[in-house]
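From a predicted model like this one, the values you see are computed outputs, not experimental measurements. Values below: every heavy atom of this structure, side chains too, minus hydrogens, waters and symmetry copies. Per chain, numbering begins at 1; letters A, B, ... match sequence-line order.
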Amino acid sequence: MSERLPFLFRIMATIATGGKELQGTKMAPVATAYAVLMNAHSDKLSAWHRMTTIVAIKGHLEDSALTRFNRLGVTMSTTTKLRLLDEASSIMDKGIVSRLQKSPLVKITGDNLDMYIKTGQQSLEKSNRDLHLFASNVLFNRIASPDKYSLVPTRTPLTDLNAEMFLLSGNYRSTLVNSYSVILGRILCELKAFSWMANALPDHIHHPYQHEMSLKSDIFQLPIMMKNEAKHEDCVDILDTYEAVLSDYYHKAFGSEDVLHKFGVTVGGDQLTRVRLEEAKNLRALATTPNKRFEDLHPFVIELWHTKQDFLEKCFKALYSASSVRQPGTLYYFKSNLQRTDINGKVKGGFKAHHEFLYLVGTAMVTEQFLQYFGMENVESEPTKNMPIMKKKSFR
DNA sequence: ACGATGGTTGCTGGTGACTT
DNA sequence: AAGTCACCAGCAACCATCGT
């Protein structure tokens, strides 16, 4: 604007600032006024209005309010709102297709999405309703690429298996110890006397796929389906939809479905979903066409979405007991002393509260251990014994 | 200069789901 | 039964571009 219409720009900037230089938050009103005027001049110049309309859509603004804003010239109309939504879905389709052309290895994950709708007034005709939906996402692999892709899975013969293969040994063990030391170091460097240690600790614990994991992952949402994964027929419908959607995308991206048949698509879900979808595939084992037999959808894998919660649950099962309120040092003792009333041992009901509480107590205990080991009075004091040989100065 | 064409925008009446 | 709300299809208004 300052280049194309310097005169108008100066006038508007002067009005906005009272003669001072235009900067900071004063930029937005000028840009807004200009965008509204330019849109009135030609409806093709609507980037700004599209933005405000999308914000309105995102916030579920009512159509009546949107229409009033439209009359004021700050948003687009409700008709355009629907067109924008259509546009968004076709852009997502194009996004999937163009991403497919770069790497044909994708994975679909799905999970059930249950809603409980309470009516304002319960009656025989209208009762509370349970909605069972199914949500899915398409994910693109960040590590594997077609040239690294092996079509033959590596299998260890059952006769060669022995128990020791499941135990940590050699460098696995040292990797684990190394990871522990980083985690403990993060707690230690919170102490004033050891704050220098923060520079020496890595931001992330080292692992072989660090580069790939630092890349942005591409995730696209598929439409939410009105399907109940507890029913076999609905699971079959879900897989049918997957096949239809996938063959459509691969057709658009490669002109045929050969690539899809060659690589297949991994389908992931939590333990229950995985079993149900696999059962649905088995139901179609005798169907007439490969598409109906869901041959492109394999393997079905477990997504460990609940691992952290399961671990937390085990921790609370082992460490939390409501009868131990008088024993200092127990979880229940701290819960009572810190008045954490939302901690009741039911991890699923309040994951965040339980997680935060265990983390707090754990960190405090580790800190206490450090204070004892280094012979420190409190977190502010200097260590008196067991000081590492490496001194501050030599480290800098 | 004029009309045809294509694209975008907003309006209108009708419809169905839902609430009061 | 009446009202509210969102959506849909169809249409007119408008503008830019192109060919005659």
Side-chain angles (χ1 to χ4, degrees), chain A residues 1-9 11-12 27-98 101 110-138 220-231 233-235 237-238 240-242 244-245 248-249 251-253:
Chain A
M1 186 183 171
S2 58
E3 283 171 22
R4 293 186 149 203
L5 291 162
F7 180 59
L8 179 64
F9 178 71
I11 290 178
M12 290 172 77
M27 298 264 204
V30 173
T32 300
Y34 182 64
V36 172
L37 290 175
M38 289 310 282
N39 181 249
H41 167 73
S42 164
D43 50 32
K44 299 268 193 306
L45 302 169
S46 60
W48 188 87
H49 288 74
R50 280 161 179 264
M51 187 188 75
T52 54
T53 312
I54 288 168
V55 171
I57 294 172
K58 175 99 179 159
H60 300 286
L61 186 68
E62 286 174 14
D63 277 3
S64 58
L66 193 64
T67 308
R68 295 186 95 154
F69 279 128
N70 177 231
R71 302 275 161 73
L72 294 175
V74 288
T75 65
M76 303 182 86
S77 69
T78 55
T79 312
T80 311
K81 163 185 153 181
L82 297 172
R83 285 176 186 141
L84 277 176
L85 288 174
D86 284 345
E87 213 176 304
S89 77
S90 75
I91 285 173
M92 192 201 70
D93 281 357
K94 275 183 200 157
I96 294 180
V97 169
S98 71
Q101 284 165 344
D111 199 5
N112 58 327
L113 179 71
D114 292 339
M115 272 195 264
Y116 192 59
I117 301 176
K118 284 185 180 170
T119 49
Q121 211 171 355
Q122 233 177 345
S123 66
L124 277 178
E125 292 81 28
K126 286 204 67 66
S127 56
N128 292 345
R129 283 195 309 161
D130 242 338
L131 273 187
H132 295 286
L133 310 174
F134 197 80
S136 330
N137 292 298
V138 176
F220 297 90
Q221 274 187 12
L222 290 179
I224 291 178
M225 290 180 256
M226 292 289 279
K227 300 291 176 192
N228 182 0
E229 68 156 13
K231 293 181 184 167
E233 50 174 306
D234 279 10
C235 286
D237 285 345
I238 290 169
D240 260 331
T241 315
Y242 283 174
V245 167
D248 185 43
Y249 286 144
H251 229 94
K252 280 184 190 155

For this session: Kindly write out the residues that satisfy salt bridge (Lys or Arg N to Asp or Glu O under 4.0 Å) with A:R50, not counting sequence neighbours, or none if the list is empty.
Result: A:E87
Exercise. C:dC15 P sits how many Å from A:M38 CE, rounded?
Worked result: 14 Å
Problem set entry | Those residues of residues 51-58 of chain A lying under 4.0 Å from DNA chain B by at least one heavy atom | none
For this session: Grab the NE2-C1' distance between A:H49 and B:dT9 for me, whole Å please.
Result: 12 Å
Problem set entry | Partners passing side-chain hydrogen bond (donor to acceptor under 3.5 Å, both in side chains) against A:T78 (at least two apart in sequence or in another chain) | none
For this session: Not counting sequence neighbours, which residues clear ring-ring contact (aromatic ring centres under 6.0 Å, His included) with A:Y242? List them please.
Result: none
Quiz: residues 61-71 of chain A side-chain donor-acceptor pairs under 3.5 angstrom, not counting sequence neighbours:
unit_1: A:D63; atom_1: OD1; unit_2: A:K81; atom_2: NZ; d: 2.9
unit_1: A:T67; atom_1: OG1; unit_2: A:D63; atom_2: O; d: 2.7
unit_1: A:N70; atom_1: ND2; unit_2: A:T75; atom_2: O; d: 3.0

Exercise. Who pairs with A:T52 by side-chain hydrogen bond (donor to acceptor under 3.5 Å, both in side chains), at least two apart in sequence or on another chain?
Worked result: none
Exercise. Counting only non-hydrogen atoms, which of residues 60-68 of chain A are less than 4.0 Å from DNA chain C?
Worked result: A:E62, A:D63
Exercise. Hey, can you pull the residues of residues 77-84 of chain A with a non-hydrogen atom under 4.0 angstrom from DNA chain C?
Worked result: A:K81, A:L82
Exercise. Between A:N70 and B:dC11, does any side-chain N or O lie under 4.0 Å from OP1 or OP2?
Worked result: yes
Seminar exercise, completed: Contacts of A:S89 meeting side chain to side chain contact (heavy atoms under 4.5 Å, CB included) (sequence neighbours excluded), chain-then-number -> none
Exercise. Taking atom P of C:dA9 as reference, at what distance in whole Å does atom CG of A:D86 sit?
Worked result: 10 Å
Exercise. Heavy atoms, side chains only, cut-off 4.5 Å: are A:T80 and A:T53 in contact?
Worked result: no
Exercise. Looking at residues at least two apart in the chain, or sitting in another chain, which of them share a salt bridge (Lys or Arg N to Asp or Glu O under 4.0 Å) with A:D234?
Worked result: none
Exercise. Among all residues two or more places apart in sequence or in another chain, which pass the salt bridge (Lys or Arg N to Asp or Glu O under 4.0 Å) test with A:K252?
Worked result: A:D248
For this session: Could you tell me which residues satisfy side-chain hydrogen bond (donor to acceptor under 3.5 Å, both in side chains) with A:D93, sequence neighbours excluded, listed by chain and number?
Result: A:Y249
